[in-house]
Structures are given as C-alpha cells and as structure tokens.
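One structure is given below, encoded as structure tokens.
Naming: A, B, ... by sequence-line order, numbering from 1 per chain.
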Amino acid sequence: MGENLVIVESPAKAKTIEKFLGKDYIVKSSFGHIRDLSKKNLGIDVEHDFEPNYVISQDKKKIVTELKAAAKKAKIVWIASDEDREGEAIAWHLYECLGLKPENTKRIVFHEITKTAILHAIDNPRTINLDLVNAQQARRVLDRLVGFELSPVLWKKIKPSLSAGRVQSAALRLIVDREREIIAFKPHSYYRIDGNFLTDNDNKSIKGTIDQKIKDINTAKKLLNEFNGAEFKIGKTETKKVVKKPAPPFTTSSMQQEAGRKFGFSVSQTMSIAQHLYESGLITYMRTDSTNLSKLALSAAKETITDLYGEKYSKTRQYKTHSKGAQEAHEAIRPTSFANIDIKGAARDKRLYQLIWKRAIASQMSDASLEKTTLKILNNKNNEKFTAQGEQILFDGFLKVYIESKDDENNEERKNLLPLLSEGQNMLMQEIRAQEKYTQHPYRYTEASLVKKMEELGIGRPSTYAPTITTLHHRGYIVKGNRIGQKMNISSLLLSDAKLSEKSTEEIIGSEKGKLCPEDIGIIVTDYLIENFDSVVDYGFTAEVEESFDTIAAGKAPWNKDIKDFYSRFHKKIETISNEKGHKDTSRTIGIDPKTNKTIIARMGKFGPLVQLGESDDKDKKFAALPKGVLIENVTIEQALQFFKLPRILGNLEDLPIKCAIGRFGPYINYNKEFISLPKNADPYTFTLEEAIQLIKDNKEKKIKSKIKDFEEEDIHILIGRYGPYIKQAKKNYKIPKGTTPEELTLEQCQEIIEKQLAKKKKK
DNA sequence: CAGTGAGCGAGCTTCCGCTTGACTT
C-alpha cells in the first residue's frame, strides 16, 4: 500500500483522483506554489546573473514537511501539477525542495479529470521540462524587479505604501485612460423621430423610426409639419435569414462577466462561489482560460440535451481559445455532471451553478435560425423613411436555454414580430414624436468588463483578475461607485390630431452605477509612471515580454539574457529619478477668485485632494477638501468657490453656534461638541437653521430611545444600534454575546465582555 | 467616527501567480 505518491496542486483535485487510482496510490496536494523569492531585499542577486533566492513560504512549511515524509515512504513520486509554465515550475520546486531523485520521480500531466486521462498520463510519464521552468523564472524575476523597484519610487515621490507592477499598473491605466476620454467628451444633441402607424382597414399597428439623426429642432419641426396631413404607405419589405451560434462554455473571465451582468456579482464574489461549487464536486476547475471540453463531457452533454429537448437540439462543438497568452492547462468551466440540472444549497450557489450549466449545455446545442424583417414606411411630402424591424425565431436551438447578456446598456427595444403587410398598403399616422437625445460618453468599466479588456490584452491570468482589482481598491487608486450624469434640457415635439406641440423637460443624462472610477491618487500614479516609465505601463509590455518567455520556453535563449537588457536600462532610470530632489507636483491651477484676486489651485494634500485659495506663502490661505466624485483633473472654479462657502455657521441655539460642513462621511452639523449627519439628499449649502434645530431635536430623541443602560462612572453604555444591542465604551463598540439579555447586564459582566473582545483583537 | 493641511523621523510599505482557509461584516 502507498507505493506511489501523486502530487497535484489542488486538494479537491487530489480527492477526486484518489478515487480513480485505487489503494496503491496516495494523492496529496501542494496547495499551489510552495516556494517564492525571498522578500528580503529583492530576493534576486542582480550582480550575479539574477540568481533567484528562493525560500519556502511561511504558510507552506507544514505542507512541505508532510510531502517530504510521504515522498520518503513512496517508491515512485508522480508530480502531476498543471501543464503550463507555472505548473512546470511548481513541479521543479517540489523536486528541489523534497530532495527527490531522478530515478523515482516522474512528471505527468492531464487536462481533464477523468479516469482514462489519468491512466493515460501514468502510462506516458516524462521528465521536468527545464526550459519551461526557466521561462517561469524569467517571468517571476521580471515581475519582482518591476514591482519592488518601482513601488519604492512611488513611496518617495508620491506617498508611502503605494504600489506599481506589470499587471496592476496597466489595469489602472485602462481605468484612468477611460476617465480622461469621458472628461474630454462633449455631448451634442440630436433629434430622433418615431412614429406610430395603423393599417387603414384592420387596425394592425406598427412603430417606425427615421434612420438618420436630425441635427436640430428646426429641421425636426420642418419635417413634422410636412408629415402633418401627409399620406403614408408601406415601401419595400426585406426579409433575411440569420443564424445565431451559441457562445463557448465559460472561462474564468467570461464567467465573471456574465455573473456580473446577469446577477450583479463582483468578480471576487463570483470566484468564491465558484470555489465552493468546485470543492463540492459540482463543477470543474474555475480558474481556466480554456474553452475546451473533454470527450466525456461532450458525450454527456449530448445525452442530456437529447433527453431534455430532443435530438435536433444537439450539436457537438469544440471551441478554440482565442485569448492572448492562454495556457490551456484545464478544461472550460462546466458541471461535472450535466444530469445535475439543479443543486441544493444557498440561492447564490444555485444561480451560478445554473448559469454554468446553461452556458455549457447551450454551447453543445444547435444554432438558432431567425428571420429578420425590415420594412419602410414612405410618405408623399418628403423622402424621409420610417424603418420598422421585426424578428421571428424559426428554430430556437440553443436560445431555448441561454442568451448571453451584453455590456451595452442601450438595448432599449425588444424586436418583435411585425404584422404581415404588403408593399403599397396605405397607413394611417397616429402620432409622430421628435425627441432630443444626447450622444453618450464611452462607458466606464465594470469589474467584469475590465477583466475582459485585460484578457484581450493578455494582462494578468485567471487566478489574478479578482485579486488585482482588489489591490487597486486597497491602494485607493479606484472606487466602485456611482457617477451622476449631467442635467440636460430635453425638448420634444409631438404631432397628434393634426396639431404640433412642443415640450421641454430636464433630465439627467449619462449616470452610471457600480462602475470603476479612478481616484486622484490613481490618476497621479498613472501619470507619473507614463511620464517616467512609459515602456513598463505600455499595454503592449506584457505581450512583448511574453514573446521573450516563449523563446526561453522553446530552449532558444538563456532565461536571464533579456532580463539583463531590460534591467540595465530600467534600473538606471530608477537610480536617476530617485536621486532627483522633490515630490511630484500634483497641483493644477483652476483660476482666480474674482473677490480676492487670489489663485485657486487643486492639489493632493496630506488627507486627500483639496482646493486651496491663495499661494503657499499666503498666511490667510483657505482649504476645502474635494467631495467624492470630484477630481483634481476636472474640478471647476465654480465648484471650488462653492466648496469654500463651508463651513457655514447656521445660527445659534441657546447661545451655542451650529456649524454645517462636509466631513469624511458626508455633510454634517456640529453643535455642542456633537456631530450629526445631514439627512439623505439634504444640501449643506442651503441647510437652514430651522432644519438644523429640528435635526438636533430628533437626534436627541433617537438617542434616548436607543439607550438601554448606563454605567456613567466607567463610561460604559448599553445601546441599540442598527444590528441590535451593543456595548459602547470610550467611542468603541463591543458585541453582546448571544443568549445574553442586555437589560440584565451588570457592570462587571460588561467589563468582562470588553476585556475578552480586546484580548481576541490583540491576538490577531 | 467626522473640525485637519507643521515638521521630524524610525520602521514599514511593494510585485505576479499558484493554491486555500481564516478572518470580519
């Protein structure tokens, strides 16, 4: 027993494989990489051919000891890490760390977790591919050099704790570039003309739109006046057959996109749900760039589809992976058993599982065929044509199961079936509308659409998409938030009952929710990197170095040659720039205050972005923090002058002043040493004394209501908050343990609870 | 847990890709 030790990367995989292999095999997992470059200094000896200094990662020491012991007992050790660059490196590190010997070590690979695939792998072992390992070392060393030399420059020149790297800086740049496009975008208005028509004999109704955008209201008026009293009839009708193909089964990236679009999951939410499904044995591995399905999966899908929908709905397909730098070590994401149409568990688990099921099943279903009809409505007064489009499904095919969502939010109209109409048939006009529209700025990225873009550019890997976005958040480079659009005047014309009427309304145009917006510090860092390290933050940098890694992997170049070339130039620049004195200047002059004639600038301050009235040597200079959503880049002088109006003294209550301002948590009033947030949607610039007095009164009542008990002498209070009762001491809150009645707590018990929770915190 | 915007300085921060839990809310 246990003559063979098989090592894989993932414990869930180990469990499955052990079942296939029987009692002569013990299967263990390495939990990914076991060694990494030392964090002391660079972990690389740049003077001596970039010799890496590897150390066993702290959290892997226990596993390495266990694996060592198991390897000692085994006759043959089978290293079955993934078949890609990283997997090969894991194999090599295992070989080195566990002190394995060539005669009893075998390297095996398989792309799908099926018994046949694994047995086939065991029959065809090979040795570790050192060229591939070297390509990984080059990748690792390059990333370390870039990250650990660039970041300290940022600490020195901009702010401590910032970071830069090959992947995160390119991803950040995408977001910043997009924001710039949006800032530069000037919306212009146009008019769209729609009409409702009826057949003159049997009341079939049809809606049509004039193809071209009408450039101004006068042209629109002229047209509508011409339509008044015009005769309408059906023009040419065109029909064509369209074939729709299903999308390939999920990769990490496409799954993140669809779960985001369909359910609003964040990419890390999606990944943690998928991890759970994977560990429960319900789906295949969730970090993959492959759209490939195993033969077993293909025939299982066919069977399920035939069972559920009939044979004509089945069409077996194998998809090619198109994304840059794909390594295809795994299958696409699919259910392990297509017969599991539904699963038990939490609602979000179910939703993601069903999405994966549908997508994988649909990918093996027949094309849908549709008939698209385009119809024109002509008139006798001018050459403008109204177009109506309809769609009819002839055979639904995969559409029975799955329809892919789009990022484009302007998917206003569902195309319906058009009534049967013949050319030349007369139509009655019911009404015609001209509506003012505005051109839209480009969309900000969502987490998922950013991942899509990164994948297209080959930046990052399935295992790092979600963590990279988290890093950008943690550094304060970006926020996921809502942006309110611009208030715009919308005019519209209506022609109905032979009368033309005009209306004007105000609408907010271009609002976005849950999108990735850069923060000032993100813009500053990006600008600084572009200014000084253009080649590293270039979108093509990764593609360029990947080429070099491919050459190494093919055994055509030593792994450190290109690194040496790169580093000599890169490090020189790092040195010169570090020796230059001073910080990066973040200030932007936005104008002159008409009242004082002083300059107003926007810049980065110690506590964040601000506007400043008066030069730095001005003793009476004033500051105001920029509110959320306003950037140094686009703050206007009008906004700045407004910001300087705070704090305002609203007046006095019982001889004490009431102050109104905006703080870290939004607008507030300050009265008698107490801070009270303004109600939602209240405007701190117009908030009145009366409203403030009412707010103070309400707050007092709320406080009395929320109070359960006080131990004044120790400053301990038992209160009711949003999440139920809690204990408060010296501005800190403590949970009350379950099963305790808050009203009955004694001072001693409270102190005990506080001490316990403090001790727990300290431990951490 | 909210108002700030001085200056000095010790000691720390940081990368990307593989993997999971162990955390908190």
So, is [X] near the phosphate of [N], with a side-chain N or O under 4.0 Å from OP1 or OP2?
X      : N      : answer
A:R166 : B:dG17 : yes
A:S10  : B:dT20 : yes
A:R461 : B:dC15 : no
A:R144 : B:dC16 : no
A:S463 : B:dC18 : yes

Going by salt bridge (charged side-chain N to carboxylate O under 4.0 Å, His left out), name the pairs with one or both residues in [range], residues two or more places apart or in two chains.
range                       : value
residues 37-46 of chain A   : none
residues 458-475 of chain A : A:D289-A:R461
residues 50-66 of chain A   : none

- A:R166 and A:T542: side chain donor to acceptor below 3.5 Å: yes

- Side-chain donor-acceptor pair present, A:Y285, A:Q275, cut-off under 3.5 Å: no

From [atom1] of [X] over to [atom2] of [N], roughly how many Å is that when rounded to an integer?
X      : N      : atom1 : atom2 : answer
A:D59  : B:dT19 : CG    : C1'   : 9 Å
A:H474 : B:dC15 : NE2   : P     : 12 Å
A:R85  : B:dG17 : CZ    : P     : 8 Å
A:L42  : B:dC15 : CG    : P     : 14 Å
A:Y54  : B:dG17 : OH    : P     : 15 Å
A:H276 : B:dT20 : NE2   : P     : 13 Å
A:I63  : B:dT19 : CD1   : P     : 13 Å
A:D36  : B:dC18 : CG    : P     : 13 Å

- Task: List the steps, then state whether side chain to side chain contact (heavy atoms under 4.5 Å, CB included) holds for A:V536 with A:L150.
- Result: CA-CA 10 Å; A:V536 179; A:L150 271 186; 4.2 Å; yes

- Result for 5'-nearest mapping on DNA chain B, choosing between A:S169 and A:Y285, is A:S169

- Check DNA chain B for consecutive Watson-Crick or G-U pairs with both distances under 3.5 Å and list the runs of at least three as stems. none

- Taking the side chain as C-beta and beyond, is there a heavy-atom pair between A:E331 and A:S290 under 4.5 Å? no

- Query: From B:dG17, B:dT19, B:dC16, pick the nucleotide closest to the side chain of A:D143?
  - Reply: B:dC16

- Message: Closest approach to the side chain of A:V167, judged atom by atom: which nucleotide of B:dC16, B:dC18, B:dT20 is it?
- Response: B:dC16

Looking for any heavy atom pair under 4.0 Å, which part of the strands does [X] touch: base, sugar-phosphate only, or nothing?
X      : result
A:R139 : base
A:Y465 : nothing
A:P11  : sugar-phosphate
A:G460 : sugar-phosphate
A:D82  : sugar-phosphate
A:V146 : nothing

- Message: Please report the distance separating the P of B:dC15 from the corresponding atom of B:dG11, rounded so that it comes out in whole Å.
- Response: 23 Å

Considering residues at least two apart in sequence or located in another chain, which fulfil the side chain to side chain contact (heavy atoms under 4.5 Å, CB included) criterion with [X]?
X      : answer
A:K702 : none
A:N670 : A:K659, A:Y668, A:F675
A:S253 : A:T251, A:Q257, A:V451, A:E455, A:Y465

- Message: Applying ring-ring contact (aromatic ring centres under 6.0 Å, His included), can you list everything that pairs with A:H473, at least two apart in sequence or on another chain?
- Response: none

- Does a distance-only test, which skips hydrogens and angles, find a donor-acceptor pair under 3.5 Å between the side chain of A:R140 and the base of B:dC15? yes

- Protein proximity profile, nucleotides 3-14 of chain B - base contact B, sugar-phosphate-only contact S, no contact -, cut-off 4.0 Å on heavy atoms: BBB-------BB

